[in-house]
**Student:** 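Submitted below is the structure of interest, expressed as structure tokens.
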Amino acid sequence: MRTSYGVVWRTGTTSLARGKLELLPRVIRLDGVSGEEHVTLEIPYEELEGVHTGRTSAERLNGHPTLVLEQRGQEPIVVSAVAQAGVIAELTDHVARLTLG
């Protein structure tokens, strides 16, 4: 399994960001740009309340299924792969295993 993926993501109603998702030993890191601003988010696995594949219209990005990261006390983050649609299912399974461990 790779540990870095080209992705786009959105938190709540904020604008889209584009960059990479990295699966690190203790956190998921999203690193990229939103507009002209550099953004980095680190989400500890232990702070995730849920992880699933987003299939509803509200959870999709540009019509594509997403990885939905549900954090305690925060809006979900929805993530879509840039190149390969099958990556979302792979990421969802992998992150779900990491949050249980």
**Student:** For A96 and V51, which heavy atoms make the closest approach, and how far apart are they?
**Tutor:**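 It is N-CG1, 4.4 Å.
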**Student:** Assess the residue pair R10 and L61 against the criterion (side-chain contact (heavy atoms from CB on, under 4.5 Å)); give the C-alpha distance rounded to whole Å, side-chain angles, the decisive distance to 0.1 Å, and a yes or no.
**Tutor:** CA-CA 8 Å; R10 181 185 70 226; L61 291 177; 3.1 Å; yes
**Student:** If I compare all heavy atoms of K20 with all of V7, which pair ends up nearest, and what's the gap?
**Tutor:**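 In this case the closest contact between K20 and V7 is C-CG2, 3.8 Å.
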**Student:** side-chain contact (heavy atoms from CB on, under 4.5 Å) for V79 and L21? Distances and angles first, verdict last.
**Tutor:** CA-CA 9 Å; V79 180; L21 178 148; 4.0 Å; yes
**Student:** Measuring from L67:CG to E59:CD, what's the distance to the nearest 0.5 Å?
**Tutor:** 10.5 Å
**Student:** Do the non-hydrogen side-chain atoms of R18 and V82 ever get within less than 4.5 Å of each other?
**Tutor:**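 No. Closest side-chain heavy atoms not under 4.5 Å.
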**Student:** Quick one: pull up CD in E49 and CD in E47 and give me the separation to the nearest 0.5 Å.
**Tutor:**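 Spacing of CD (E49) from CD (E47) equals 10.0 Å.
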**Student:** Over all heavy atoms of both residues, which pair between L91 and Y5 is shortest? Give the atoms and the distance, please.
**Tutor:**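 So the two residues come closest at CD2-CE1, 3.4 Å.
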**Student:** Could you state the interatomic distance from OG1 (T92) to CZ (R97), rounded to the nearest 0.5 Å?
**Tutor:**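 Going from the OG1 atom of T92 to the CZ atom of R97 covers 10.5 Å.
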**Student:** If you group Ile, Leu, Val, Met, Phe, Trp and Tyr whenever their side-chain heavy atoms sit less than 4.5 Å apart, what else falls in with L24?
**Tutor:**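 Hydrophobic cluster check, L24: joined to V27.
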**Student:** For residues T11 and Q74, determine if any side-chain heavy atom of one lies less than 4.5 Å from a side-chain heavy atom of the other.
**Tutor:**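 Contact flag for T11/Q74 side chains = no.
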**Student:** Is there a side-chain contact (heavy atoms from CB on, under 4.5 Å) between E22 and I28? Walk through the geometry before answering.
**Tutor:** CA-CA 6 Å; E22 296 176 287; I28 297 169; over 6 Å; no
**Student:** Please lay out, stage by stage, how R29 and E42 fare under the test salt bridge (charged side-chain N to carboxylate O under 4.0 Å, His left out).
**Tutor:** CA-CA 4 Å; R29 178 182 294 150; E42 289 192 350; 2.6 Å; yes
**Student:** Might you work through the side-chain contact (heavy atoms from CB on, under 4.5 Å) test for V39 and L30, ending with a clear yes or no?
**Tutor:** CA-CA 8 Å; V39 292; L30 292 164; over 6 Å; no
**Student:** For T66 and S80, which I'm curious about, is there any donor-acceptor pair between the side chains at under 3.5 Å?
**Tutor:**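 Judged by distance alone, the side chains do not pair up.
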**Student:** Has R60 got a side-chain atom pairing as donor or acceptor with R55's backbone, closer than 3.5 angstrom?
**Tutor:** yes
